[in-house]
Each structure stands twice: as structure tokens, then as C-alpha cells.
Amino acid sequence: MPFLTLNLNGEVLDEYPLEQNRIVKIGRLEGNDIMIDDSSVSGNHAEIKFESRRFFLTDRQSKNGTFVNKQLVISRELKHGDRITIGDHTLIFAYRNKENRPANDEEETPDLATMAIDTSQHRSKLAQSISKMVSSDSENKLLGRLSFFSGNRPAAKLDKEKITIGKSPSSDIIIRGFMVGNTAAVINRHDEHYTVSCLEGRAKLKVNYKTVKSIIRLKEFDVIEIGSVKMQFHYQPR
């Protein structure tokens, strides 16, 4: 069973098991599954969700960011031994073995100091840097999908050559909003990659928090925004 161990200054504060059918919310406010009493932690800071037989950590637009193994992330698949830094606290993601002990006990390393960042420019650079992590070789073997940042909408598989997004009932992915066009954007599936382009409507298409004015190629973990709806582009096995 996977679990999270909450640490502060090398001291274990608590442990939290992770379940496949439950979203684990992390933040400073009461009501979070993991409540961290730290002024540098946002009220609703991050969450962990099980999708496609994997656990994903997603930053919920926190003020000071979420780190995995000392790298800023927007969304990241978690691997055994990953160290999640939120404020001054560290959450270690691990699996238990048959003896009910962590499968690999590693010596702790110093936490990365909290950074004070809350600008759209930073988030744009962050999203772009994360999206470059996947090579074209791995993209060729995977199928794209879009997961939604909020709400209970299931992830949308991008298994057609052309996927339309808009408020029209005939759109493949329907997005409501007065300023959203009937066909606000289109995602095209190519042999080796996906592209996205803006079509119509006053709600501008944004990728990694920057307005898209032409056709661009999508990379894994790109954040797509139309109106008030935010989605993230992932790959999954075909």
C-alpha cells in the first residue's frame, strides 16, 4: 500500500495511507486530508489523485509552489521515494513491503528553502520547463488525454484525429461560458504528436498561461486554459 510520511526538520509527524478511489487534499485550512500548519502553505495547496493505475500530485495554484525532489512542479506522477516539499514540511511517497515497513529507507536530505513566487510569468516558465521532460520517443508510444483541474469530470481521451473544444453541443469536449466560442479550439492528432490551435470566441486559448495565436505542438504536462476551465495534457498507454 502506498503512503505519505509527513516530516518536519527530520522528525516524523504523521503517516497517511493513499487509496485509489480518494483524492487526498493538502493545505493549511481545516478540511484538507493533510493539514499543514505553516504560514507559507496555501489554504488549498496541492492534491494527490489516482489515475490510470498511477498516483499524480498536482499543485492547486499555490502561492509558494510545490516541489518534488527539489524541482518545482505543476503536476507529476509520483514514484517510490519521491520527496514532496510544501513550505517547510516534507511528504515522502513510498510503498510498504510485506513487513509493513517502507520498501526502501533512505537517508534524508535537506529540504529546499521555500521560495516566494506568485506571478503568471513564473507559472508560464514553470509549465514550459515541465512540458519538456518527455522525449518524442516516448510520445510515439502513448495516447494523449486531458484531465480537468477542477470538478468531477473524467479525463478526456484524445483518440480521434480531430478533437473540438467549445460550447457547441457537437463539440467533443464541451466547455460552458458566455465568451467561449462554439468551437473555441481544436486539437489535432498526428502520427507522432498533438497540436492545438484557437478557432473562435472571445475567451482566448492559453497554453502554459500564455495566449496562443497560432498552432503549437503539445508537450506532456502542458496546461490548457479556455475561459474559466483549465485542463492538463498527459500521455497514457495506447
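Quick note: numbers below take in every heavy atom, side chains included, and nothing from hydrogens, waters or symmetry partners.
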* To do: Check F56 against S75 and note the closest heavy-atom contact, atom names and distance.
  => CD2-OG, 4.3 Å
* Indicate, with yes or no, if I26 and F55 share a hydrophobic cluster defined by side-chain heavy-atom contacts under 4.5 Å among Ile, Leu, Val, Met, Phe, Trp and Tyr. => yes
* Asked: Are any non-hydrogen side-chain atoms of H190 and T195 less than 4.5 angstrom apart?
  -> yes
* Hey, does Y194 have a side-chain heavy atom less than 4.5 Å from the side chain of L143? -> yes
* Rounded to the nearest 0.5 Å, how far does CZ of F3 lie from CG of D14? -> 12.0 Å
* Asked: Can you check whether K70's main-chain N or O pairs, donor with acceptor, with R83's side chain at less than 3.5 Å?
  -> no
* Evaluate the side-chain proximity of K219 to V207: yes if any heavy-atom separation is below 4.5 Å, no if none is. => no
* What's the shortest heavy-atom distance between Y235 and R54, and which atoms? -> O-NH2, 3.3 Å
* Does any non-hydrogen side-chain atom of K49 lie less than 4.5 Å from one of S147? -> no
* Would K25 and R60 count as a side chain to side chain contact (heavy atoms under 4.5 Å, CB included) if you check the C-alpha gap in whole Å, the side-chain angles of each, and the deciding distance to 0.1 Å? -> CA-CA 10 Å; K25 297 181 179 180; R60 300 179 70 190; 3.9 Å; yes
* Asked: Would you call M35 and R28 a side-chain contact if the rule is heavy atoms closer than 4.5 Å?
  -> no
* Asked: In terms of heavy-atom contacts, does CG of L199 have more than 12 from other residues, nucleotides or ligands at under 6.0 Å?
  -> yes
* Asked: Mind checking whether I74 and Q232 have side chains closer than 4.5 Å, heavy atoms only?
  -> yes
* Are the charged groups of R76 and D82 less than 4.0 angstrom apart, N to O? -> no
* To do: Using a 4.5 Å cut-off on heavy atoms from C-beta on, say whether the side chain of L6 contacts that of Y16.
  => yes
* Asked: Got a second to check how far I92's CD1 is from N7's CG, nearest 0.5 Å?
  -> 4.5 Å
* To do: Taking the six-membered ring for Trp and the single ring otherwise, decide whether the centroids of F93 and H80 are under 6.0 Å apart.
  => no
